[in-house]
There are 2 protein chains.
Amino acid sequence: MTRKTSTKLEDIARAAGVSKMTVSRVMRGGTGFSDATRDKVLAEADRLQYLPNRIAATFGSTETSTLVGLCVPRFTSSLFGHVTESIQSNLSRLGYQTVIGSHDQIAKDEELWLKTLAAWRPAGILLAGTRHTPDTIELLKNLSVPVIELWDLTTDPLDMAVGFSHFDCGLTMGRYVAQQGRRQIGYVGAMAGIDTMGRARQHGFEAAMAEADLPLAAKEIAHDHPSFYTGFVGTENILARNPGLDALYYHDDEMAIGGIAYLNRHGIRIKDDIGIAGWGGMEAASILPERLTTTDIPAGALGKVAAEKLVTRLRGDAVDDVTVVATRLIPGNTV
Amino acid sequence: MTRKTSTKLEDIARAAGVSKMTVSRVMRGGTGFSDATRDKVLAEADRLQYLPNRIAATFGSTETSTLVGLCVPRFTSSLFGHVTESIQSNLSRLGYQTVIGSHDQIAKDEELWLKTLAAWRPAGILLAGTRHTPDTIELLKNLSVPVIELWDLTTDPLDMAVGFSHFDCGLTMGRYVAQQGRRQIGYVGAMAGIDTMGRARQHGFEAAMAEADLPLAAKEIAHDHPSFYTGFVGTENILARNPGLDALYYHDDEMAIGGIAYLNRHGIRIKDDIGIAGWGGMEAASILPERLTTTDIPAGALGKVAAEKLVTRLRGDAVDDVTVVATRLIPGNTV
DNA sequence: AGGCAATTTGTTATCGATAACAAATTGCGA
DNA sequence: TCGCAATTTGTTATCGATAACAAATTGCCT
């Protein structure tokens, strides 16, 4: 059987007239060699088109690999897209490679992905969400590798966490809506499988209602992924049952925009007839005639913070367990 | 220095009273061992909580790793989100892990990512787009690993390709718009850096115009990423310069929806006053009062086909160099 | 029961780097 | 110019699996 046959350290060593250990030192760029040696080695490496072999390097080293795992519910959501984008580019800048997985809110799928990832001896793991199977938690412990949970901060982190409280997002918005004088308030959500985060916002919103002695007047939750369409239909349904509602809080902006489309089509005036609030600070909302009342989520910043925090920890420096990323209620003009 | 100290094949071998080669055979699940041996080995592996070490396995093998690289322009686009999602879940199902990168249409960034990826001796590479630097092309050749280019089929593939012709999308839509009796037709695009694909659609559209002896009446191209907002503003700009337009073709649905928002706000009737066509079959379009005229792109299917094709090739079976994924013009009701 | 093929199991070398320690060289002050 | 510390370079063992081949065992037919 012919073995793989690309240029290796030994080839460079022979060509440069040094030992391969010296070549290794030069390639890793630390110290322990003269300038003359470095130049000679680099020149030969370049000439021979040396391609580092991280498989062999990781294997030979006591260190972990430079792979970092990232598991999110799905990549088709605008917010997770931004988080993924940001994490990937920041980790890349810091010398790490990103291996992805998605679990669509199914904790068992996250576990299966994690088992596969673990075989690569990753340097760190980033998980979006806080629902994990017992096996996942045990495996993470055994791996003894930094873990950052992204997104929700309402529970204790396994190791580290970066995100914000979804409950507080709902709470703050609930208070705002009540304060604007709305009295017949409904919630329109979507939940395919189990989405703890959307539910946490809903609970926060309900808590605000309770504070104001305003029980939630109606609730409509689609058994589907949040989308423009579920927002459209959810609005139709909730209004059919409760025509007197004067405000609606949505699972996210996408659904809120879907709801607005429904209202527009039926001549119901936003704000005058019914107040609309979303969540997520979705860019699409910029096309609405009036700025949408929503909560802005700094997804890019969140990813950057998470990537940098992980790397800081990997370098042995101290980091806080929990980093809160500030969300911002955008008053807008729809409530 | 203490070495990494998790359970290894040798530990299982000792516990089960066999050689580690036998354990290796059982763990990989082929043949060459008795049922009794297999049960004994698996029981010990389970008891000792064996975690396979793919770093060592890949290193010891003549094979490549089971890592597959995926590089897209960005993860924040709905279509690439779907492609990413589909590729990762299908590759995962087939036993491969996905390492991601993004290049934001900068060919040099793709090259840098590829160099890092190459150090992992990936089993295959998936690239969205067809613009590559000379170094990228040379590196891909030297790696002698399957490469699939996704998305655009207007040029010759480096190795394999899965996608469709953006030129044809534009051409088909152009013919349709002309056939509907539109005569003063404009194009609204967006181009941050260099986006060959959007440009290919534009050129296809212009070719259709030429066929119909209808030179494109106006063109507005934002130096920005396509978005609702650029669609909104682009529409405002193009109509300010050319009030007589009776149809607009947009870079994508997101921009078309932004354009529609502008038209709605200014009392310009869709279809009656001006025809609107998009591209991408974006789910968001489902909220429009009338179904958007657009081209549907089966992003999920494209990812699935690409993943399966790569794996088929990796298993040594023959595959076609080029796989065309069917796009579909949705007549809708906006032109 | 004997003999041969098929199946099961074991042995040794190897992948390409890094770790740990040892040896050689250099630089500089006394 | 000598000697010692600092720097540079080399040597050997090792990481945990798989490849290739060799040996032992089993099963079946005559």
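Protein chains get the first letters and strands the later ones, always in sequence-line order, with residue 1 at the start of each. This is a predicted model, so every value here is computed, not measured.
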For C:dA22, the Watson-Crick or wobble partner whose two distances fall under 3.5 Å
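For C:dA22, the partner nucleotide comes out as D:dT9, under the 3.5 Å rule.
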
Could you state the [atom1]-[atom2] distance from [X] to [N], rounded to the nearest angstrom?
X        : N      : atom1 : atom2 : result
B:Glu10  : D:dC15 : CD    : P     : 9 Å
B:Arg54  : C:dC15 : CZ    : C1'   : 15 Å
B:Arg121 : C:dG16 : CZ    : C1'   : 9 Å
A:Asp35  : C:dG27 : CG    : P     : 12 Å
A:Met27  : D:dT9  : CE    : C1'   : 18 Å
B:Asp39  : C:dT8  : CG    : P     : 13 Å
B:Trp120 : C:dC15 : CH2   : P     : 20 Å
A:Phe33  : D:dT9  : CZ    : P     : 9 Å

Residue-phosphate contact under 4.0 Å: [X] side-chain N/O, [N] OP1/OP2:
X       : N      : answer
B:Ser61 : D:dA17 : no
A:Ser34 : D:dT8  : no
A:Thr62 : D:dC15 : no
B:Arg28 : D:dA19 : yes
A:Tyr50 : C:dA17 : yes

Looking at [options], which one has an atom nearest to any side-chain atom of [X]?
X       : options                : answer
A:Met21 : C:dA19, C:dG16, C:dG10 : C:dA19
A:Leu9  : D:dT9, C:dA17, C:dT9   : C:dA17
B:Lys8  : D:dG10, D:dA17, C:dG16 : D:dA17
B:Phe59 : C:dG10, D:dG16, C:dA19 : D:dG16
B:Ala56 : D:dG16, C:dA17, C:dT9  : D:dG16

For this session: Side-chain contact test, heavy atoms from C-beta onward, threshold under 4.5 Å: evaluate it for A:Ser92 versus B:Trp113 and give yes or no.
Result: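 The answer is no; the side chains never approach within 4.5 Å.
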
Just list the side-chain donor-acceptor pairs under 3.5 Å for residues 138-145 of chain A, sequence neighbours left out, or say none.
| residue | atom | partner | partner atom | Å |
| --- | --- | --- | --- | --- |
| A:Asn142 | ND2 | B:Gln49 | OE1 | 3.3 |

- Query: Between A:Thr133 and A:Glu110, is any side-chain donor less than 3.5 angstrom from a side-chain acceptor?
  - Reply: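 Result is no, nothing qualifies.
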
Q: Please list, chain by chain and in numerical order, all residues satisfying salt bridge (Lys or Arg N to Asp or Glu O under 4.0 Å) with B:Asp35, sequence neighbours excluded.
A: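 With neighbours one apart ignored, the set is B:Arg38.
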
With under 30° as parallel and over 60° as perpendicular, where do the rings of B:Trp151 and B:Phe80 fit, or are they tilted in between?
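It falls in the tilted class, 30° to 60°.
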
Looking at A:Lys20 and C:dA17, is any side-chain donor or acceptor paired with a base atom of the opposite kind under 3.5 Å?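 A donor-acceptor contact between them is present.
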
Could you check whether the side chain of A:Arg25 and the base of D:dG10 have a donor-acceptor pair of N or O atoms closer than 3.5 Å, going by distance alone?
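Such a pair exists between side chain and base.
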
Discussion item. Restricting to non-hydrogen atoms, name the atom on B:Asp152 and the atom on B:Thr130 that form the minimum distance, rounded to 0.1 Å.
Written reply: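 Heavy atoms only, the tightest pair is O-CG2, 3.8 Å.
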
What is the nucleic acid contact for B:Ser19, judged by heavy atoms within less than 4.0 Å: base, sugar-phosphate only, or nothing?
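Contact class for B:Ser19: base.
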
Next item on the list: Using a 4.0 Å heavy-atom cut-off across all strands, classify B:Thr37 as base, sugar-phosphate, or nothing.
Entry: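 Sugar-phosphate, backbone atoms only, no base.
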
